[in-house]
Number of protein chains: 2
Amino acid sequence: MDKKIYEMHAEICKTLANPKRLEIIDALRDGEKNVSELASTAKINQANISQHLTILRQKNIVSTRRDGSHIYYKLAYPEMIKACEIIRDVLQKQLAGNTRLSKRVK
Amino acid sequence: MDKKIYEMHAEICKTLANPKRLEIIDALRDGEKNVSELASTAKINQANISQHLTILRQKNIVSTRRDGSHIYYKLAYPEMIKACEIIRDVLQKQLAGNTRLSKRVK
DNA sequence: TTAGCACATTCGAATATGCTAATATTTAAA
DNA sequence: TTTAAATATTAGCATATTCGAATGTGCTAA
């Protein structure tokens, strides 16, 4: 039925389910950056960031543009940021909830 | 620095990165359901849905309430639905984009 | 107390993922 | 055309995930 949709949705989530890729997405929030800029911002080694960028590009979450010997990456769908924000808000609430719980437990 | 946030965020995404769990979340959109209701809605066998529910509960994405021999699950943070919707919108755009591209390629 | 649902847990095999190190490709400039 | 910088790709290992089968636990009704 909708199974296919859930699978594709899960694929996107799987792509987002990595701290380095989330950091890359966050770094692209305000516009494009090339690979070495991203690598130094997120402190990820060259091969590894390239692998993550390849995955993000394959899943059509980022798009690229070449400028000389540099390749610039940007978010293909900037509204993705909003989804990330919602999840981080939930995360904040979860953490706040734990604190309240911890206090109550004492 | 923020690395910890990205890791926790990734944990949530990882929890969402499974088609069955997404279907369960979707099934809880309009309110709580017990395990067998969820199992029949999503056509997932008993052991397996229980495993997925355990994961969702551990990650504090759903919460539970017992009523006799039944256990009811609901979304702990219903705003999670909104994040899912955004991602599905992006998915739609991606698919639409591919179609346009396919046409252009012809 | 026992029988029988409703649900959870454990185990093992198959598969997927992330990382590092090494190597390759592309481009620009000398 | 050689060299160096920017980026990509590959190989291989370690770790994680998913699933079904089997088994365990909690609740209710008789």
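A, B, ... follow the sequence lines: proteins, then strands. Residue 1 opens every chain.
Atom pair B/Ile55:CD1 and D/dT17:C1' shows a separation of 8 Å (rounding to whole Å applied). D/dT18 atom P lies 13 Å from atom CG of B/Leu53, rounded to whole Å. A straight line from CG of A/Leu56 to P of C/dG18 spans 11 Å, rounded to a whole angstrom. Distance CD (A/Gln58) to P (C/dA16): 15 Å, rounded to an integer number of Å. Atom CD of A/Glu37 and atom P of D/dA6 are 11 Å apart (whole Å). Between the CD atom of B/Glu7 and the C1' atom of C/dC19 there is a distance of 15 Å, given to the nearest Å. Going from atom NZ of A/Lys20 over to atom P of C/dT17 covers 16 Å, rounded to whole Å. The distance from atom CD1 of A/Ile49 to atom P of C/dT20 is 12 Å, rounded to the nearest whole Å.
Remark: A/Tyr73 is in phosphate contact with D/dA8, judged by side-chain N or O atoms under 4.0 Å from OP1 or OP2. In this model, the phosphate group of D/dC19 is approached by a side-chain N or O of B/His52 to a distance below 4.0 Å at OP1 or OP2. Look at B/Lys14 and you'll find a side-chain N or O under 4.0 angstrom from OP1 or OP2 of D/dT17. For B/Asn18, a side-chain nitrogen or oxygen approaches OP1 or OP2 of D/dT18 to under 4.0 Å. At C/dT26, none of the side-chain N or O atoms of A/Arg66 fall inside 4.0 Å of OP1 or OP2 (strictly under the cut-off). OP1 or OP2 of D/dA6 has not a single side-chain nitrogen or oxygen of A/Ser50 nearer than 4.0 Å. Taking only side-chain nitrogens and oxygens, B/Asn45 never comes nearer than 4.0 Å to OP1 or OP2 of D/dC19. Contact annotation: A/Tyr72 side-chain N/O to D/dT7 OP1/OP2 distance is not under 4.0 Å. Applying the 4.0 Å criterion to OP1 and OP2 of D/dT7, one finds that A/His70 has a side-chain N or O inside that range.
Hydrophobic cluster membership is shared by B/Leu75 and B/Leu16, with clusters built from Ile, Leu, Val, Met, Phe, Trp and Tyr side chains linked at under 4.5 angstrom.
Looking at the side chain of A/Asn34, the nearest of the listed nucleotides D/dA8, D/dT7, D/dA6 is D/dT7. Between D/dT7, D/dT9, D/dC19, one nucleotide has an atom nearer to the side chain of A/Ala47 than all others, and that is D/dT9.
Looking only at atom types and distance, the side chain of B/Asp26 has a donor-acceptor partner in the side chain of A/Tyr6 under 3.5 Å away. Side-chain N/O atoms of B/Asp89 and B/Gln92 include no donor and acceptor closer than 3.5 Å.
Positionally, the nearest nucleotide of DNA chain D for A/Ser69 lies more toward the 5' end than for the other of A/Ser69 and A/Asn48. For the pair B/Thr54 and A/Asp67, both in contact range of DNA chain C, the more 5′-proximal nearest nucleotide belongs to B/Thr54.
In this model, a side-chain donor or acceptor of A/Gln46 finds a partner on the base of D/dA8 within 3.5 Å. Contact of B/Gln51 with C/dT10 (side chain to base): a donor-acceptor pair of N or O atoms is detected under 3.5 Å.
A donor-acceptor pair under 3.5 Å is absent between the side-chain atoms of A/Ser50 and the main chain of A/Gln46, judged by distance alone. Not a single donor-acceptor pair under 3.5 Å links the side chain of B/Asp67 to the backbone N or O of B/His70.
Inter-residue side-chain proximity for B/Lys20 and B/Ile49 is flagged as unmet; no heavy-atom pair is nearer than 4.5 Å.
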